Number of protein chains: 2
Amino acid sequence: MARSTIRKAPEIDIDGLLGKFETFLQKKSLKLTSQRRQILEKILEMDKTHFTADDLVDQFRNQRPRVSKATVYRSLSVMVEADILEEHQFGDSYKVYELSEGRPHHDHLICTSCGKILEFFNADMEKLQDKVASSNGFHPTHHSQKIFGICAACWGKGVRS
Amino acid sequence: MARSTIRKAPEIDIDGLLGKFETFLQKKSLKLTSQRRQILEKILEMDKTHFTADDLVDQFRNQRPRVSKATVYRSLSVMVEADILEEHQFGDSYKVYELSEGRPHHDHLICTSCGKILEFFNADMEKLQDKVASSNGFHPTHHSQKIFGICAACWGKGVRS
DNA sequence: CTCGCTGCAAAGTTTTTGCACTTTA
DNA sequence: TAAAGTGCAAAAACTTTGCAGCGAG
């Protein structure tokens, strides 16, 4: 049976990311500002596989000159376009981001008790998705698959919902 | 090969729905108010497989006494709890609802060009999802799978993104 | 007659925008 | 130095809530 896998984010190289970002920005006649660089650094420093815009705003709360909320939001959009970040909408009202750099496509298992997010990749599932799309006349561009449930740890503690 | 299917919503029976709703409300010591009844009626009248809270608010715009926005939102929550409606968060910032009554579980294909939503069900996919969850120690409760792409019609018009 | 429900407007959350000023290329 | 970016505060978009009166059981 094809094994589903959980991976740890590989150690990430800021220079590689910056290079990729710069290439994108140049192509679009956009600029690599100090703020954009700082945001990228904070994303790596935080070392969270998934974070929100607000997590990032928090990082700058006690810093001056502070990077503003508006800039954080604007930069996140640019980074998503640059394929530096992936944007997800899990159950909640806010968006969740993760680095896409060096990380193959994957989907998510979300624990509805503790909020833990596990990543998985299953090749059979990917094939099946393409099959479903094309048999309905769709030309798939991307997908989002989330499986909600109770993780092993919570289940062990007796949580059942 | 297991065929994926697209279904039309079956003709829906208001009395059945109301009955189910009442049973739920009684169990929870909640009340079947005229507004809740009207909202359920409008949902059926609209005859949309997927609708938003705002679609529903619109239905009451030219009616008096008007059913308020707050009541619409509050009722949608109750109906989700009662398993009368399913709530989805597709790519956008607002929630999308659909009747769950009499409709087996299914997932969605979403056209990023025209917004069309197709439903599908694929038994192999469901099995695979359970397998992935349990092999990661998860006890799955539900899932959300969305495949984004260009539908046949848009593709025919030359849309490629 | 007691809770739960309603309408309204106000407040909450997350994200976006207008504008004068600053910075990158 | 021109075009793009920034900070700030205000606005937008969607949803929730406080409260005083209303209505279902």
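Residue numbers start from 1 in every chain, and the chains themselves are labelled A, B, ... in the order their sequence lines are given, proteins ahead of strands. Note that the structure is predicted; figures quoted are calculated from it, not measured.
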A/Gln35 CD to D/dG7 C1', in whole Å, measures 9 Å
Parallel, tilted or perpendicular, as decided by the 30° and 60° cut-offs, for the rings of B/Trp155 and A/His139: parallel
Of all the choices, D/dA4, C/dT14, C/dC5, which nucleotide is nearest to the side chain of A/Tyr94 once you look at every atom? C/dT14
Specify the separation, in whole Å, of atom CZ of B/Arg64 and atom P of C/dC8. 13 Å
Got a sec: does the NZ of A/Lys20 have more than 12 other heavy atoms crowding it under 6.0 Å? yes
For A/Lys27 and D/dA4, what is the distance between atoms NZ and P respectively, to the nearest whole Å? 17 Å
What nucleic acid atoms does B/Tyr73 come within less than 4.0 Å of, heavy atoms only: base, sugar-phosphate, or nothing? base
Please report, rounded to the nearest Å, how far the P atom of C/dT24 is from the CD atom of A/Glu22. 13 Å
Using a 4.0 Å heavy-atom cut-off across all strands, classify B/Ser29 as base, sugar-phosphate, or nothing. sugar-phosphate
For atom CZ of A/Arg61 and atom P of D/dG7, their distance in whole Å: 14 Å
Contact nearer the 5' end of DNA chain D, comparing B/Ala70 with B/Thr33: B/Ala70
Does the C/dG4 base have a donor-acceptor partner in the side chain of B/Arg74 within less than 3.5 Å? no
Output the rounded distance in Å from NZ (B/Lys69) to P (C/dC8). 11 Å
Sugar-phosphate, base or nothing in reach of B/Arg66, heavy atoms under 4.0 Å: sugar-phosphate
From CG of B/Asp54 over to P of D/dA12, roughly how many Å is that when rounded to an integer? 16 Å
Without hydrogens or angle criteria, can the side chains of A/His88 and A/His50 be said to hold a donor-acceptor pair below 3.5 Å? no
Quick one: is D/dT15 close enough that its OP1 or OP2 comes under 4.0 Å of any side-chain N or O from A/Ser93? no
Closest approach to the side chain of A/Thr71, judged atom by atom: which nucleotide of C/dG7, D/dG25, D/dG7 is it? D/dG7
As a test of reading the structure: which of C/dT15, C/dG7, D/dC8 is closest to the side chain of A/Ser68, going by heavy atoms? D/dC8
Have a look at B/Lys95 and say if it touches a base, only the backbone sugar-phosphate, or nothing, with a 4.0 Å heavy-atom cut-off. sugar-phosphate
Would you please say whether a donor-acceptor pair under 3.5 Å links the side chains of A/His106 and A/Glu98? yes
Do B/Lys127 and B/Asp130 meet the salt-bridge criterion of a basic N to acidic O distance under 4.0 Å? no
D/dC14 phosphate, OP1 or OP2, under 4.0 Å from B/Thr52 side-chain N/O: no
What contact category does B/Arg36 fall into here, base, sugar-phosphate, or nothing, at under 4.0 angstrom with non-hydrogen atoms? sugar-phosphate
Is the closest side-chain donor-acceptor distance between A/Gln145 and A/Gln129 under 3.5 Å? yes
Distance criterion of 3.5 Å, no angle test: do you see the side chain of B/Lys31 paired donor-to-acceptor with the base of C/dC3? yes
Whole-Å distance, A/Arg37 CZ to C/dA25 P, equals 8 Å
